[in-house]
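Supplied in structure tokens, the structure appears directly below.
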Amino acid sequence: MGPTTRAQFVYNRRRRRRSGGRHAVEEASDEEEQRQDSSSSSSDEEDEAEASGEEVADDDDDDEEVEEEAAVVEAAAKEHPAAAAAGEKRGGRKGRITISLKKVCKVCKRTGHEAGFKGAVYIDCPMKPCFLCKMPGHTTLTCPHRVAMEHGVIPAPRRNINTSLDYVFQSQVKGKISMVKPKFLIPNQLECGNIKFHQRRVTCLEFHPTRNNVLLSGDKKGLLGIWDYVKLHEKITYDSVHSCILNSMKIDNANDGILYTASSDGTISCTDLDTGIGSPLLNLNPNGWNGPSSWRMIYGMDLNIDKGLILVADNFGFLYFLDRRSKTRIGHPILIHKKGSKVTTLHCSPAHPEVLLSSGNDHYARIWDTRKLEANSPLASLAHGRVVNSGYFSPQSGNKILTTCQDNRIRVWDYIFGDLQSPSREIVHSHDFNRHLTPFKAEWDPKDYTETVAVVGRYISENYNGVALHPIDFIDTSSGKLLAEVMDPDITTISPVNKLHPQDDILATGSSRSIFIWKPKTEDELTEERTKQKAKEYVYGSGSRKKTNGKHDNSSDDDSDGDSGRKNKKTKKTRFTCITKGKGKSKV
DNA sequence: ACACAATGGACCC
DNA sequence: TGGGTCCCCTTGTG
């Protein structure tokens with residue numbers, strides 16, 4: 001087993017231990033067994049190899065050493081077969097075979113280096129541009145944009161020169177409003193979770209606007225979940241609403257028992273939340289499946305509350321209007337993004353519902369006036385480096401725009417009536433495209449009336465006491481500063497779906513098939529934490545003991561025995577609820 | 001402890 | 001424009 005595979009093994013073992021702990025598995029014995037298993041099997045291997053005369057490279061051997069030795073022996077064998085044979089005799093082994101363990105980088109296929117996890121730290125391929133900022137010449141570990149709480153996210157330089165409006169805003173308005181709401185609380189404490197509530201990965205989340213504590217969720221299979229996270233066992237799933245990816249959800253503002261959902265099955269459904277009975281409002285594939293080139297999928301959807309309209313956009317770049325009451329289509333589809341390209345999100349301005357923001361796979365976000373809508377008539381086109389995952393107006397005034405782009409940048413436009421030529425800020429943040437993940441979407445905090453705070457999941461991992469965790473980032477979009485990174489040792493999966501509660505300091509996270517609820521730490525918990533931190537500092541600071549890996553110390557793969565993970569585990573309260581998986585409509 | 005599959009988009013021709 | 005091919009930090013399953 002080479003170093004990489006061993007590292008991967010250790011990493012996986014840690015993960016297994018973590019997930020196993022939840023189900024009251026006897027951890028220690030399990031662990032011991034595993035350790036014994038692996039050690040005995042590996043020694044067996046060596047014995048066997050030795051008996052057959054094979055040379056087995058030890059894990060700890062240096063790559064180059066092994067390679068060199070192999071090369072030398074091979075060359076010698078070629079040039080002097082007799083001498084090689086003699087060497088074999090000297091070694092007292094018959095048919096000595098040398099295996100060349102050439103390490104190949106899985107990214108660039110070259111030798112001499114390897115990309116991949118070394119423990120909890122991912123080592124980039126040096127031949128590729130930085131995985132974080134996409135610039136050549138360095139790797140993620142040394143990227144100047146690398147997220148670290150101590151230093152904050154470094155925003156990319158503001159490219160446009162301030163307009164006069166900016167100047168007025170800065171000098172007259174900005175100083176008079178506080179930058180963050182008076183008591184800004186980050187919901188960073190895991191409150192409860194619903195493990196594998198969904199059959200496939202979670203694709204969207206929405207808090208019910210009027211029913212307290214009710215969270216709606218959708219997954220890749222089209223399953224709709226309804227969960228009261230205070231009454232932990234009140235969970236309902238409906239699998240009949242859609243047949244594939246549930247991309248977007250909106251509660252009817254006139255009837256809060258009605259949910260509109262958009263799906264890649266090409267339909268908009270209107271579902272009664274109490275019965276789960278849905279009726280299709282729109283079906284873009286009335287003739288069924290005729291191959292992928294004609295199958296229409298719906299990603300973006302929003303409501304125009306004033307006009308009682310539902311706005312819908314498909315994967316071919318077209319926008320459709322639906323009348324909510326008559327349940328009929330209005331007018332003709334209008335091309336709002338490059339023909340044949342997906343429209344990822346739609347958002348009507350909260351202040352001016354007739355103003356629409358669309359974002360698409362054609363690398364643009366566009367602002368439209370829906371009263372005079374024609375193809376090629378956007379009010380503005382906001383250029384991006386790659387596919388735009390999402391675009392949202394700010395939640396109060398609608399004056400700002402926040403977009404998430406697959407070029408690993410979050411873009412902010414501070415004033416939509418100003419110069420939109422280029423964004424006010426570009427914030428480098430890891431949220432790349434990965435075909436196996438729900439696309440990341442940075443979203444405003446609806447409660448933050450200064451329209452500053454945004455939340456977004458992070459793709460690349462952080463070494464957290466020897467475990468690779470993927471935090472959920474709270475970003476100050478006015479400075480690019482990282483306000484908080486939310487993570488928990490029990491959540492090792494990436495969390496691309498995040499929703500902040502419209503009134504409460506609560507964060508809902510969709511991570512793989514699970515859903516989590518976060519709340520701020522209470523005063524007591526904060527005090528306790530500070531005390532613990534002080535005690536920790538005392539221990540590490542006073543003795544000669546080697547300082548263990550800090551949260552942001554990515555320097556080395558320590559902890560190959562995974563001890564710190566277990567320490568962490570001990571203090572963790574288990575407050576999860578597990579549900580039994582069921583088919584069809586299930587009340588759990 | 002592996003292998004494997006699912007499957008979206010970029011890029012090339 | 002469309003088909004072929006490749007792909008860097010996934011996750012769950014068998």
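Letters A, B, ... mirror the listed sequences (proteins, then strands); counts begin at 1.
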Protein-nucleotide distance (A:H429, atom NE2; C:dC9, atom P), rounded to Å
17 Å
Checking A:W413 now: which residues fulfil ring pair (Phe, Tyr, Trp, His ring centres under 6.0 Å) with it, not counting sequence neighbours?
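Residues passing ring pair (Phe, Tyr, Trp, His ring centres under 6.0 Å) with A:W413: A:H384.
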Spell out, as yes or no, whether a donor-acceptor pair under 3.5 Å connects the side chain of A:N498 to the backbone of A:T509.
no
Quick one: salt bridge (Lys or Arg N to Asp or Glu O under 4.0 Å) partners of A:K342, sequence neighbours excluded?
none
With sequence neighbours left out, the residues meeting salt bridge (Lys or Arg N to Asp or Glu O under 4.0 Å) with A:D265 are none
Considering every strand and a 4.0 Å limit on heavy-atom distances, what is the contact class for A:P496: base, sugar-phosphate, or nothing?
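The residue A:P496 makes no contact with any strand.
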By ring pair (Phe, Tyr, Trp, His ring centres under 6.0 Å), which residues pair with A:F474, not counting sequence neighbours?
none
Residues forming a ring pair (Phe, Tyr, Trp, His ring centres under 6.0 Å) with A:Y229, sequence neighbours excluded:
none
Taking atom C1' of C:dT11 as reference, at what distance in whole Å does atom CG of A:L469 sit?
16 Å
Once each nucleotide of nucleotides 7-13 of chain B is scored for protein heavy atoms under 4.0 Å, what B/S/- sequence comes out, 5' to 3'?
BBSS---
Using a heavy-atom cut-off of under 4.0 Å over every strand shown, decide if A:Y459 touches base, sugar-phosphate, or nothing.
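A:Y459: backbone/sugar contact only, no base atoms under 4.0 Å.
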From C-beta outward on A:K196, which listed nucleotide comes closest to its side chain: C:dT11, C:dC8, C:dT13?
C:dT13
Roughly how far apart, to the nearest Å, are C:dT13 and B:dT7 at atom P?
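15 Å, rounded to whole Å.
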Taking atom P of C:dC7 as reference, at what distance in whole Å does atom CG of A:L437 sit?
18 Å
Mind checking what makes ring pair (Phe, Tyr, Trp, His ring centres under 6.0 Å) contact with A:H347, not counting sequence neighbours?
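For A:H347, the residues satisfying ring pair (Phe, Tyr, Trp, His ring centres under 6.0 Å) (neighbours in sequence not counted) are A:Y392, A:F393.
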Can you tell whether the side chains of A:R200 and A:D219 come within less than 4.0 Å, N to carboxylate O?
no
Atom pair distance, as rounded to whole Å: CZ in A:R146 and P in C:dC9
16 Å
First encountered from the 5' end of DNA chain C, between A:Y122 and A:K339
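That would be A:K339.
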Without decimals, in angstroms, what is the distance between A:N434 CG and C:dG12 P?
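Rounded to whole Å, this separation is 13 Å.
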Under 4.0 Å, heavy atoms only, any strand: does A:I460 hit a base, just the sugar-phosphate, or nothing?
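Base: the residue A:I460, judged by heavy atoms under 4.0 Å, touches a nucleobase.
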A:T493, nearest nucleotide to its side chain (from C:dT13, C:dC8, C:dT11)
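So the side chain of A:T493 is nearest to C:dT11.
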For A:T404, give me all partners under side-chain hydrogen bond (donor to acceptor under 3.5 Å, both in side chains), at least two apart in sequence or on another chain.
A:S390
Interatomic distance, A:H198 NE2 vs C:dG12 C1' [rounded to whole Å]
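So the NE2-C1' distance, A:H198 to C:dG12, works out to 17 Å.
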A:S511 or A:V107, whichever maps to the more 5' nucleotide of DNA chain C:
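The residue whose closest nucleotide sits nearer the 5' end is A:V107.
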So does A:K134 pair up with A:D432, basic N to acidic O under 4.0 Å?
yes
Please work out if A:T140 contacts a base, only the sugar-phosphate, or nothing of the nucleic acid, heavy-atom cut-off 4.0 Å.
base
Separation of A:F131 atom CZ from C:dC9 atom P, in whole Å?
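That distance rounds to 6 Å.
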Among C:dC8, C:dC9, C:dT13, which nucleotide sits nearest the side chain of A:R513?
C:dT13
What nitrogen or oxygen pairs link the protein and nucleotides 3-5 of chain C at under 3.5 Å?
none

Output the rounded distance in Å from CG (A:D124) to P (C:dC7).
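Checked: the CG to P distance equals 16 Å.
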